[in-house]
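Keep in mind that this is a model prediction, so the values were computed, not measured.
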Amino acid sequence: MVQTGSVRTRKDDPVSFPQWREVLEAAGSSRGERWRFATEISRFLRYCAILNAPVTVARSREYLALVPLPVARPGARLALRWYFKSARCTHTKTHRATGALRARRR
């Protein structure tokens with residue numbers, strides 16, 4: 001189990017990040033880098049869909065090992081790292097905001 005911030009995750013825990021495109025567009029990176037990241041993330045998500053498998057850190061490692069990335073697509077590892085890190089940060093912010101709303105209602 002890996003601890004990052006206040007959210008504990010395991011490499012086999014499914015990750016749901018449906019708003020990843022919006023978060024990526026809002027990121028402060030160049031247009032070209034956002035396009036490359038979106039392409040690589042979409043390829044990985046398609047890979048998971050074809051396998052009918054959940055999106056997990058372990059599955060991303062499997063994907064990176066199967067695809068000849070160092071020559072063909074060197075940015076894939078960075079893009080997937082961004083995806084999982086941003087999903088975790090977005091989840092933490094949403095969880096904190098929801099908790100703050102509940103606290104105000106009491």
Completion exercise
Nearest heavy-atom contact between Arg59 and Pro54 is NE-O, 3.6 Å

Problem - Within one Ile-Leu-Val-Met-Phe-Trp-Tyr cluster: Trp35 and Phe44, side-chain cutoff 4.5 Å - result: no

Exercise for the section: Could you check if a side-chain atom of Tyr83 sits within less than 4.5 angstrom of a side-chain atom of Leu24, using non-hydrogen atoms only? Expected result: no

Practice task
Applying side-chain contact (heavy atoms from CB on, under 4.5 Å), name anything that partners Leu66, two or more places apart in sequence or on another chain.
Solution key: Tyr47, Glu62

Problem - Joint hydrophobic cluster, Leu64 plus Leu51, side-chain heavy atoms closer than 4.5 Å - result: yes

Completion exercise
Distance col, row Arg36:CZ vs Arg31:CZ, nearest 0.5 angstrom, shows 12.0 Å

Handout entry: Closest non-hydrogen atom pair, Ala76 against Glu40
Key = CB-OE1, 3.5 Å

Handout entry: Spacing of CD1 belonging to Ile41 relative to CG belonging to Leu80, to within rounding of 0.5 Å
Key = 6.5 Å

Practice task
Take Val55 and Phe84 through the test side-chain contact (heavy atoms from CB on, under 4.5 Å) and record every step on the way to the result.
Solution key: CA-CA 10 Å; Val55 175; Phe84 287 104; 4.0 Å; yes

Practice task
Supply the atom-to-atom distance Trp82 CH2 to Ser29 OG, rounded to the nearest 0.5 angstrom.
Solution key: 8.0 Å

Completion exercise
Trp20 meets the side-chain hydrogen bond (donor to acceptor under 3.5 Å, both in side chains) criterion, sequence neighbours left out, with none

Fill in the blank from the handout: By side-chain hydrogen bond (donor to acceptor under 3.5 Å, both in side chains), Ser42 pairs with (sequence neighbours left out) Arg21

Problem - Atom of Phe37, atom of Gly75 and distance for their closest heavy-atom approach - result: CE1-O, 4.5 Å

